[in-house]
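Report on the structure given below.
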Amino acid sequence: MTRPESPGIAVIRQIDPQLADLIAAEERRQADVIRLIASENYVSSAVLAATGSVLTNKYSEGYPGKRYYQGQQYIDGVEQLCIDRAKGLFGAEHANVQPYSGSPANLAVYLAFCEPGDTIMGMALPAGGHLTHGWNVSITGKFFRAVQYGVRKDTGRVDLDEVRELARKEKPKLLFAGGTAIPRTIDFAAYAEIAREVGAIFVADIAHIAGLVAGGAHPSPVPHADVVSSTTHKTLRGPRGGLLLSKEKHAKAIDRAVFPGLQGGPHNHTTAALAVALAEAAQPTFKDYAHQIVANARAMAAGLLERGFDLVSGGTDNHLILVDLTSKGVAGKPLAVALEAAGIVCNYNSVPFDPRKPFDPSGIRLGAAAVTSRGMKEAEMRQVAAWIDEVAQAPADAARHARIAGEVRELCARFPAPGLPA
Ligand SMILES: *Cc1c(COP(=O)(O)O)cnc(C)c1O
């Protein structure tokens with residue numbers, strides 16, 4: 001069965017058939033598998049088209065109305081539109097849409113408020129935090145004095161009394177909330193209170209949950225945080241990029257930190273694609289999308305719990321599930337490999353207090369954003385949980401994996417993914 005491919009691939013094939021074949025194969029892969037990587041999604045055709053536009057040809061160091069190169073008549077309009085949409089969607093006083101991605105966005109925050117060696121505080125990577133919140137292998141753990149909080153062993157959740165105690169003792173300049181493997185609602189107001197008490201700048205990193213915040217399916221940090229940092233390509237369903245929102249009083253410091261502090265010219269094709277994604281996220285249907293992501297994650301979590309899986313914190317409030325496989329007698333990596341053979345793609349992940357190594361940890365992380373973009377609902381999530389259980393019971397049974405992969409392809413064919421040829 002040959003299937004249509006995106007028109008752009010034919011254009012590439014005329015110049016570079018080898019690369020065109022790789023992109024075409026990746027396109028088919030994205031169509032044919034159940035994508036549960038919590039940081040991934042499917043962007044719309046409009047977002048893809050903006051990403052592939054001639055805006056990639058233009059240099060525009062500076063900000064709208066204050067550029068170092070001529071020829072900005074239209075680029076200024078693109079960036080201003082994107083800024084206005086970001087401010088409008090999130091109700092923020094200031095927006096900078098130039099960070100190349102989430103990690104540079106966070107680095108800009110350090111540059112705006114800290115000197116090398118200053119104390120900063122964030123969630124530890126193995127507890128669910130992000131590298132850029134001060135983990136030791138990251139520049140943020142090397143150039144700053146990072147103190148790290150975790151989760152409670154009995155609840156799998158952040159204990160805000162512990163965070164307050166540590167902040168009082170260490171007096172960080174920056175306090176980060178957020179992370180990459182947090183399945184529960186984040187109490188931004190409580191973090192803000194702690195930051196106020198110790199004189200820290202409060203940074204809410206909503207990289208994972210930006211789409212849920214935009215769609216009203218997770219409380220917004222914007223009223224509480226000095227700075228909100230985000231990626232644009234996870235639940236927000238935009239192009240790969242970064243975004244910084246802030247109070248007006250921090251606008252100058254943030255803008256100067258991004259440019260000229262950290263970056264050169266902004267990626268205008270990405271800015272344009274983000275503008276499209278922000279317009280999509282302002283549609284009433286995006287609210288439905290955000291709430292359906294959470295409903296789907298909960299349905300998948302319920303299906304796993306019924307089958308005896310242990311979930312960190314016992315479940316989920318958002319798009320993400322962290323499964324602790326210890327009691328199932330299979331490690332995260334071999335299960336992730338077996339699941340991929342069955343057409344279900346996720347990542348192996350450390351769980352809090354993991355006795356195993358980060359490259360061979362005890363858990364897998366599952367996310368519902370991409371499958372929800374395909375229109376899948378609770379019934380499909382229950383089926384996915386059943387398949388995960390079938391694979392976990394027989395991680396070496398290649399015939400079983402192949403049979404499930406076929407069933408997965410049939411399911412996927414009923415739910416065409418945005419941005420891919422049907
Ligand atoms: C994904 C993520 C980032 C980094 O984003 P990149 O675009 O991969 O650099 C930063 N913070 C958090 C919490 C994230 O989940």
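First listed ligand is number 1; within each ligand, the first listed atom is number 1.
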Point to revise | Residues in side-chain hydrogen bond (donor to acceptor under 3.5 Å, both in side chains) contact with E306, at least two apart in sequence or another chain | key: none
Review point. Parallel, tilted or perpendicular: which fits the ring planes of H250 and F113, with parallel below 30° and perpendicular above 60°?
Key: perpendicular
Exercise for review: Scan for salt bridge (Lys or Arg N to Asp or Glu O under 4.0 Å) pairs involving residues 87-112, sequence neighbours excluded, and state none if there are none.
Suggested key: none
Exercise for review: Sort and list the pairs that fulfil salt bridge (Lys or Arg N to Asp or Glu O under 4.0 Å) and have at least one residue in residues 149-158, not counting sequence neighbours.
Suggested key: R152-D154, R152-D159
Practice item. Answer yes or no: is there an ion pair linking R145 with E170, defined by an N-O contact shorter than 4.0 Å? Key: yes
Review point. Would D161 and R164 pass as an ion pair if we require N to O under 4.0 Å?
Key: yes
Study note, to complete from the structure: Counting only non-hydrogen atoms and a 4.0 Å cut-off, the residues near ligand 1 are S101, G102, S103, N106, H130, G179, T180, D205, A207, H208, T231, H233, K234
